2 protein chains.
Amino acid sequence: MDDFGPKRRLERRSTPHRGVRIQDVARLAEVSTATVSRALATPQRVSPEKRARVLEAIAQTGYTPNLTARSLRSQKTGMVLVVLPDLANTFFSRILRGIEETLFEAGYGMIISDLDGSPEKEAHFTAFTTAGRVDGAILLNGHLFGQSRDGQGRAADIDIPIVALCEAIPNADIPQIEIDNRTAARKMTQYLASRGHREILYVSGPAGNVLEKERYRGYRDGLQRAGLSFDPTWVIPGDYTIESGMRAGHSIVQRANRPSGVFCTSDEMAIGLIRTLLSAGIRVPQDISVAGFDDIEFAAVAEPALTTIRQPRQELGRAAAAALIALLQKQETPRLIRLETELVIRDSVTDR
Amino acid sequence: MDDFGPKRRLERRSTPHRGVRIQDVARLAEVSTATVSRALATPQRVSPEKRARVLEAIAQTGYTPNLTARSLRSQKTGMVLVVLPDLANTFFSRILRGIEETLFEAGYGMIISDLDGSPEKEAHFTAFTTAGRVDGAILLNGHLFGQSRDGQGRAADIDIPIVALCEAIPNADIPQIEIDNRTAARKMTQYLASRGHREILYVSGPAGNVLEKERYRGYRDGLQRAGLSFDPTWVIPGDYTIESGMRAGHSIVQRANRPSGVFCTSDEMAIGLIRTLLSAGIRVPQDISVAGFDDIEFAAVAEPALTTIRQPRQELGRAAAAALIALLQKQETPRLIRLETELVIRDSVTDR
DNA sequence: AGCCACGATGTAATCGATTACATCAACTTT
DNA sequence: AAAGTTGATGTAATCGATTACATCGTGGCT
């Protein structure tokens, strides 16, 4: 292109540089770049005087190592990917905090992907993992990248450590962190029965969801143990959202034979359902008792205050992060971690 | 450390390689690495046949470019840092979703930092930006890295684009995205007055908070326009949390002269406060009317349903992300973007 | 004294892409 | 036909660290 001159080397950028580089520090401290690097990474391997010189130079220049370069060379990013179905859902935010805390303590950062049910996004984040921008991943969405929920389809060839949180992942040999959904749901069903309810309606989670399956089984277990018969017309579909709770509420308002107790498999649904019942003039718990699941912040201040199952959300997050960190450090970690739930009795369930 | 062996050359990794590299693709397609790179980045600059060969080779090998290497070379990370005070707060999660959506559409990823009031963390994330792992940042916490809230202290020498969301940052020449808190608070105060309330109690946000200052001004404005006098004993401190709402509720229950209307500057506080009032046998809204701010999901299903100010949260997130993206692409963007709020009238405020 | 191990340090290879520049062939233009 | 364009492609520099290996000096051991 430049037709005139003989080949001329690209000018050394005249604008000094965007940031301070390890070379600049090395030059100022009159040592090699290797020494600077070691002074930071393995201080005991550098003589005290040089170390001091390096530190001084770093302070003067305000040097910060470029993490991208470090990642490229060391093949470690110090980043963890967290994949979750819905960022805007209250239930997840506290879990996230638990994850964040624990990762931070271990020096890791967190990249969040709100899947939002979009396969397109899913593909995008698969790329992330193969592309070496994260060291590991925590999955809250119940299936692996590139796999459908039933475990079919090619499993993307992910070769980084992964743990599954809350929703177990079928056919995957990775650590699972969860609560015992089945037992928890059974306990709540039995509790409702113990308060004299014999027609216990169940508002489900999304069809096919792993949590839902377990909770449903727990519901059936509970009925059986309480000596109650199961009636499929007492199962209403939901998807854990406030809106689906309201829909379920409407269907209850309109039906002829109303239940005396309702077991919603999320607090959001319980709150939405109660809202609908109250608006229709049905009193809670006097006319119908309603129980929830999760114990989100608003459960305690709802009117009436919600009887529910407490999940240790922050702990779940912490446990998942801890398990992943263990994997990243090539340590052993249990295949299954189950945290305890607690039946929280408040005002939304009363005696029949 | 290993005292035994003679120096031995490091074995060339016998396991082939962790991932497919651009070289592998180039070799298979019988082209240079430059051509592979171009076939992906600027397809029109590569002949159709070679492009086809490259694509074929990529498909066969399952190659994905290593993003870390790309970032290092191109000095772009495709990542944005989002700093927020409290991840577990419902208010932020929907904003986050707006941010995430817009960033995703533009091909950016999101790194989240939950500050949680810890200066230690703040320092950590300052490092992030100087260290070149993100291209830009969205700040929801009301101050710059390394600066105290009043703008004092050394401003960290951040040289990446930054936008401030919700909380304006004093003394910083960066785009702000926010709502008109003052006007919104004035409207609500005037609305309460229009329903006949003359003793309007104000539950504040955290002292010093920028939002709080604006809303407080709006409250004073509203009183004035309604011809009501201001009484400092009608201001109760809060911090936007459910708990602080409950505390405010208790102080109302215990005081001699109760207000007829309460303006809480967050829905969380309103819900906590209502809970306390109801528990004390005070009816809402019959005895005391309560208004909120934000219109979070639970506002509509609370009992009574909350009269509040709707903030377009997802839009706020989208706008902030869009502004940042503009900056990243060296485009112009307004210094101040203000989104409209809306007075949402439900059941928690009634006539005096 | 001679040998060896070890600690401190420097030199240069390396991580895996992007991209500036060189090269060459095929056309245009004058 | 000579000179200049243009487009496709390859070669190698580059991004900024980490780290394998080489080197050198010191002190311990026999």
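Each chain gets a letter, A, B and so on, in the order the sequences are listed, and its residues count up from 1. Keep in mind the model is a prediction, meaning the values are calculated, not measured.
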Name of the residue among A:I99, A:L81, A:V134 meeting side chain to side chain contact (heavy atoms under 4.5 Å, CB included) with A:M110
A:I99
Along DNA chain D (nearest heavy atom to each residue), the more 5'-positioned of B:K50 and A:T64
B:K50
Identify whether any heavy atom of B:S47 sits under 4.0 Å from a base atom; if not, whether one sits that close to sugar-phosphate; answer base, sugar-phosphate or nothing.
sugar-phosphate
Taking C:dT18, D:dT18, D:dG10 as options, the one with an atom nearest any side-chain atom of B:R70 is C:dT18
Would you say the side chain of A:K50 lies within less than 4.5 Å of the side chain of A:V46, judging by non-hydrogen atoms?
yes
Whole-Å gap separating C1' (C:dT9) and CD (A:E30):
15 Å
I'd like to know if the side chain of B:D135 reaches the main chain of B:T77, judged simply by a donor and an acceptor atom lying under 3.5 Å from each other, with no hydrogens or angles considered.
yes
If only side-chain N and O atoms of B:Q75 are considered, is one of them under 4.0 Å from the OP1 or OP2 phosphate oxygen of D:dG16?
yes
Within the structure, does a side-chain N or O atom of B:S32 lie under 4.0 Å from either OP1 or OP2 of D:dT9?
no
For atom CD1 of B:I22 and atom C1' of D:dT9, their distance in whole Å:
14 Å
Short side-chain donor-acceptor distance under 3.5 Å, A:Q329 and A:Q331:
yes
Answer with base, sugar-phosphate or nothing: what part of the nucleic acid does A:T35 contact at a heavy-atom distance below 4.0 Å?
sugar-phosphate
Looking only at the side chain of A:R38 (C-beta and beyond, no hydrogens), which of the listed nucleotides C:dA17, C:dT19, C:dG10 gets closest?
C:dG10
Mapping A:T33 and A:V46 to their closest nucleotides on DNA chain C, which lands nearer the 5' end?
A:V46
Find the distance B:L40:CG to C:dA17:P and express it as a whole number of Å.
10 Å
Respond yes when some side-chain nitrogen or oxygen of A:R73 is under 4.0 Å from OP1 or OP2 of C:dT14, and no when none is.
no
Can you tell me the distance, in whole Å, between the CG atom of B:L67 and the P atom of C:dG16?
13 Å
More than 12 heavy atoms of other residues, nucleotides or ligands under 6.0 Å from CD of A:E332: is that the case?
no
Does a side-chain N or O of A:Y63 approach OP1 or OP2 of D:dA17 to a distance below 4.0 Å, or not?
yes
B:Q44 CD to D:dT9 C1', straight-line distance once rounded to whole Å:
15 Å
Using whole Å, report how far CG of A:L72 lies from C1' of C:dC15.
4 Å
Out of D:dA17, C:dA17, D:dT19, minimum distance to the side chain of A:R21 belongs to D:dA17
What is the distance, rounded to the nearest whole Å, between atom CZ of B:R53 and atom P of D:dA8?
15 Å
Given atom CZ of A:R45 and atom P of D:dT19, what is their separation to the nearest angstrom?
10 Å
